Structure formats: structure tokens, C-alpha cells
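See below for the structure under consideration.
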Amino acid sequence: MAVNANSRIERPVKVLIVGPSLEILGGQSVQAKRLLDGLSESAVVHAGFLAVNPRLSGFFGRLQRIKYVRTVITSAVYFVRLLKTVPQYDVVHAFSASYFSYLLAPLPAMLVARLFNRPTVLNYRSGEAHDHLSRWTLSGAPTMRRMATRIVV
């Protein structure tokens with residue numbers, strides 16, 4: 001929270017929750033929704049949400065139906081939305097799985113947060129953590145240590 005010299009709250013801390021939307025029903029999407037709902041009544045935190053899996057319309061929506069093209073289009077739109085949205089927030093809270101999901105969703109969020117000098121909470125949720133972190137030695141733990149301000153599991 002932003003606090004002045006007299007220890008009064010000036011404004012709520014703005015937290016951007018980054019994770020899968022409920023269109024991908026699973027643990028991360030449910031936990032992100034619960035976190036967003038839980039923070040909705042807070043006087044000291046204002047939480048927003050950015051989906052890592054934006055549903056597109058029109059021409060781009062049709063491209064999202066094509067395997068591999070879907071990943072490229074969705075990732076590009078997600079990255080542009082990160083660049084546009086992150087500067088409006090004080091903290092980025094990114095939900096993460098392992099392997100390629102880590103590369104496609106939380107890693108770009110942490111990179112953009114770092115670009116705009118925002119602290120990042122990496123909410124790492126994977127039963128494959130040991131395998132991911134021991135085998136992906138360049139993109140796993142080293143990037144987490146460099147990019148995340150805090151890691152929760």
C-alpha cells in the first residue's frame with residue numbers, strides 16, 4: 001500500500017493477477033479467481049486480472065483454432081496486453097505451471113514487470129517442479145531467481 005509520512009493509506013496497492021481464465025478450468029484458474037474474489041473487498045489492495053489465454057474474435061479468433069498458429073497468435077496478443085497493462089499496476093502476481101507453460105505465461109509477465117520495475121510474485125503450482133527445475137537448467141530456476149521478487153508454492 002502507498003503510505004505517506006504520517007502512516008496514512010494514500011491509495012490501495014494495485015496488484016495484477018496473471019493466470020489462465022476460467023475457460024481453462026483447472027487449479028490455476030480456480031485459484032486465480034479465488035484470489036481475485038478474496039481481494040475484491042480489500043481497502044488496501046485493488047486487484048485486476050490479465051488472462052494468459054485471451055480469447056480473440058474475428059480473423060485472429062479463427063487463427064486460434066489452428067494448432068501451433070494458436071500459440072503464436074495468443075502469445076503475441078498476451079505479450080502486447082502485458083506491455084499495456086503492467087505499467088498500471090504496482091505488483092504483478094503470476095500463476096505458473098512448469099515446462100513450456102512456464103515459458104509462455106509467467107516468464108513474459110516477469111520480464112515485462114522487470115522492464116517497468118514492478119515487483120513480481122511467482123505463484124508456482126506444479127507437481128512436476130522437481131523434474132522441471134532439474135532438467136530446464138537455463139530457463140527454470142535461474143530465471144525464477146532473477147525475475148521473481150517472491151516465489152510461493
Side-chain angles (χ1 to χ4, degrees), residues 1-2 9-58 60-133 136 139-141 143-145 147-153:
M1 96 186 83
I9 299 170
E10 292 180 355
R11 65 172 178 80
V13 174
K14 295 174 73 178
V15 178
L16 178 63
I17 298 169
V18 179
S21 71
L22 286 173
E23 289 180 14
I24 300 175
L25 191 57
Q28 287 185 46
S29 60
V30 170
Q31 289 300 315
K33 175 79 169 103
R34 285 184 178 167
L35 180 59
L36 192 60
D37 290 347
L39 293 172
S40 68
E41 296 181 22
S42 173
V44 296
V45 176
H46 166 76
F49 181 76
L50 180 67
V52 300
N53 57 320
R55 169 91 43 160
L56 306 175
S57 59
F60 292 112
R62 289 190 294 281
L63 288 177
Q64 278 186 310
R65 295 184 211 144
I66 303 169
K67 192 174 183 176
Y68 304 116
V69 173
R70 167 181 41 244
T71 302
V72 172
I73 295 295
T74 303
S75 295
V77 170
Y78 165 61
F79 191 75
V80 168
R81 289 182 179 175
L82 279 169
L83 289 170
K84 188 174 144 184
T85 308
V86 166
Q88 301 170 31
Y89 287 84
D90 302 313
V91 177
V92 174
H93 183 119
F95 279 82
S96 175
S98 48
Y99 306 117
F100 282 110
S101 295
Y102 172 75
L103 296 177
L104 293 173
L107 187 57
M110 290 189 298
L111 287 168
V112 172
R114 187 165 202 159
L115 174 70
F116 291 106
N117 200 29
R118 301 299 192 265
T120 306
V121 175
L122 178 65
N123 194 324
Y124 190 82
R125 301 183 160 273
S126 175
E128 301 292 327
H130 178 73
D131 185 59
H132 174 220
L133 299 176
W136 292 52
S139 64
T143 60
M144 291 177 191
R145 278 194 289 276
M147 298 291 170
T149 307
R150 295 286 185 264
I151 301 172
V152 295
V153 294

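None of these values were measured; they are calculated from a predicted model. Basis for what follows: all heavy atoms, side chains included, without hydrogens, waters or symmetry-related copies.
- When each of Val52, Val152, Leu35 is paired with Phe95, the side chain to side chain contact (heavy atoms under 4.5 Å, CB included) condition holds for Leu35 and for no other.
- Checking side-chain atoms of Thr149 against main-chain N and O of Thr120 turns up a donor-acceptor pair under 3.5 Å.
- Put simply, the side chain of Asn123 does not reach to within 4.5 Å of the side chain of Gln31, judged on heavy atoms.
- The distance from atom OG1 of Thr85 to atom CZ of Phe49, rounded to the nearest 0.5 Å, is 11.5 Å.
- Between His93 and Leu39 the shortest side-chain heavy-atom distance does not fall below 4.5 Å.
- Partner of Asp90 under the side-chain hydrogen bond (donor to acceptor under 3.5 Å, both in side chains) criterion, out of Arg11, Lys14, Arg118: Arg11 alone.
- The shortest heavy-atom contact between Gly48 and Tyr89 is CA-OH, 3.4 Å.
- The structure places OH of Tyr68 at 9.5 Å from CZ of Arg70, a figure rounded to the nearest 0.5 Å.
- When all heavy atoms are compared, the tightest approach of Pro106 to Leu122 is CB-CD1, 3.7 Å.
- Counted within 6.0 Å of CG on Asp37, heavy atoms from surrounding residues, nucleotides or ligands total more than 12; the atom is thus considered enclosed.
- Annotation: side chain of Val30 is not in contact with side chain of Lys33 (no heavy-atom distance under 4.5 Å).
- Listed here is the closest heavy atom pair of Leu104 and Ser75: CD2-OG, 3.7 Å.
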- Run the numbers on Gln64 and Thr74 for side-chain contact (heavy atoms from CB on, under 4.5 Å), then give the verdict. CA-CA 7 Å; Gln64 278 186 310; Thr74 303; 2.8 Å; yes

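- To the nearest 0.5 angstrom, Ile17 atom CD1 is 4.5 Å from Leu36 atom CG.
- Across all non-hydrogen atoms, the minimal contact from Pro54 to Val77 is CG-CG1, 4.0 Å.
- Checking each of Val92, Val18, Leu83 against Val112 for a side chain to side chain contact (heavy atoms under 4.5 Å, CB included) leaves exactly one that passes, namely Leu83.
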